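Written out below as structure tokens is the structure these notes cover.
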Amino acid sequence: QVQLVESGGGLVQAGGSLRLSCAASGRTFSSYAMGWFRQAPGKEREFVAAISWSGGSTSYADSVKGRFTISRDSAKNTMYLQMNSLKPEDTAVYYCAADSSYPAVVRGGANYWGKGTLVTVSS
């Protein structure tokens, strides 16, 4: 079992930055691929970014490329999402996900999910 807890959300002005964290429990954190998804009000959940177990592979949604950076620190059992140049359309609940399969994380089929953290970007 893997438990995921997101933190770092909040209110920020357009153009600002936030860093989200996802703390994972369990000894096998380093063997799991992980990712970030988001769901805006009235919209379906969408993929944001993913990172392989080694950190050697990353994927990003086109909408966040060049602005967001995903990373992980296995020593701390934590994954991060650095979000820069935030836009009002980035407003959403952000969820982290984990799975032994990197493709499963990317397509939204991860086995483990956190409860989310709210990011609000004001214009």
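For the single chain, residues carry numbers from 1 onward in sequence order. From a predicted model like this one, the values you see are computed outputs, not experimental measurements.
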- Message: Pair Leu20, Thr117 - check side chain to side chain contact (heavy atoms under 4.5 Å, CB included), show working.
- Response: CA-CA 8 Å; Leu20 304 183; Thr117 186; 4.0 Å; yes

- Message: With clusters defined by side-chain heavy atoms of hydrophobic residues (ILVMFWY) lying less than 4.5 Å apart, directly or transitively, does Val106 cluster with Val48?
- Response: no

- Looking at residues at least two apart in the chain, or sitting in another chain, which of them share a salt bridge (charged side-chain N to carboxylate O under 4.0 Å, His left out) with Glu46? Arg38

- Item | Proximity of Trp113 and Phe37 rings by center, below 6.0 Å | yes

- Taking side chain as C-beta onward, heavy atoms only, is Leu18 less than 4.5 Å from Val119? yes

- Message: If I compare all heavy atoms of Gln82 with all of Ser17, which pair ends up nearest, and what's the gap?
- Response: NE2-CB, 4.0 Å

- Can you see which heavy atom on Tyr102 is nearest to which on Ser52, and at what distance? CE1-N, 3.5 Å

- Task: Mark yes or no for whether Thr91, through its side chain, and Thr120, through its backbone, hold a donor-acceptor pair below 3.5 Å.
- Result: no

- Do the side chains of Cys22 and Met34 get nearer than 4.5 Å, heavy atoms only? yes

- Item | Within one Ile-Leu-Val-Met-Phe-Trp-Tyr cluster: Val105 and Leu4, side-chain cutoff 4.5 Å | no

- Hits for side-chain contact (heavy atoms from CB on, under 4.5 Å) against Ser101, two or more places apart or cross-chain, chain-then-number order -> Asp99, Pro103, Ala104

- Test ring pair (Phe, Tyr, Trp, His ring centres under 6.0 Å) applied to Tyr94 - qualifying residues, sequence neighbours left out: none

- Query: Are Ser30 and Trp53 close enough that some pair of their side-chain heavy atoms sits under 4.5 Å apart?
  - Reply: no

- Contact check, side chains of Ser71 and Met79, non-hydrogen atoms, under 4.5 Å: no

- Item | Check against side-chain hydrogen bond (donor to acceptor under 3.5 Å, both in side chains), Asp73 and Thr78 | CA-CA 5 Å; Asp73 184 337; Thr78 302; over 6 Å; no

- List for me each residue that meets side-chain contact (heavy atoms from CB on, under 4.5 Å) alongside Val93, sequence neighbours excluded, and say none if there are none. Tyr95, Leu118

- Task: Check salt bridge (charged side-chain N to carboxylate O under 4.0 Å, His left out) between Arg67 and all other residues, then give those that pass, not counting sequence neighbours.
- Result: Asp90

- Indicate, with yes or no, if Ile70 and Phe47 share a hydrophobic cluster defined by side-chain heavy-atom contacts under 4.5 Å among Ile, Leu, Val, Met, Phe, Trp and Tyr. no

- Note on the structure: In this structure, CG of Leu81 is separated from OG of Ser21 (nearest 0.5 Å) by 9.5 Å

- Message: If the condition is side-chain contact (heavy atoms from CB on, under 4.5 Å), which residues does Lys43 pass it with, not counting sequence neighbours?
- Response: Ala40

- Task: Go through the steps to decide whether Tyr32 and Val2 satisfy the test side chain to side chain contact (heavy atoms under 4.5 Å, CB included), and finish with yes or no.
- Result: CA-CA 10 Å; Tyr32 279 83; Val2 175; 3.8 Å; yes

- Query: Are Met83 and Val121 linked, directly or through other ILVMFWY residues, by side chains that come within less than 4.5 angstrom of each other?
  - Reply: yes

- Message: Please check this pair: side chain of Glu6 against backbone of Cys96, looking for a donor-acceptor N/O pair closer than 3.5 Å.
- Response: yes

- Task: May I ask whether Ile51 and Val64 are part of the same hydrophobic cluster, defined by side-chain heavy atoms of I, L, V, M, F, W, Y residues being less than 4.5 angstrom apart, directly or through others?
- Result: yes

- Task: Step through the shown structure and confirm whether more than 12 heavy atoms of other residues, nucleotides or ligands are within 6.0 Å of CD on Gln39.
- Result: yes

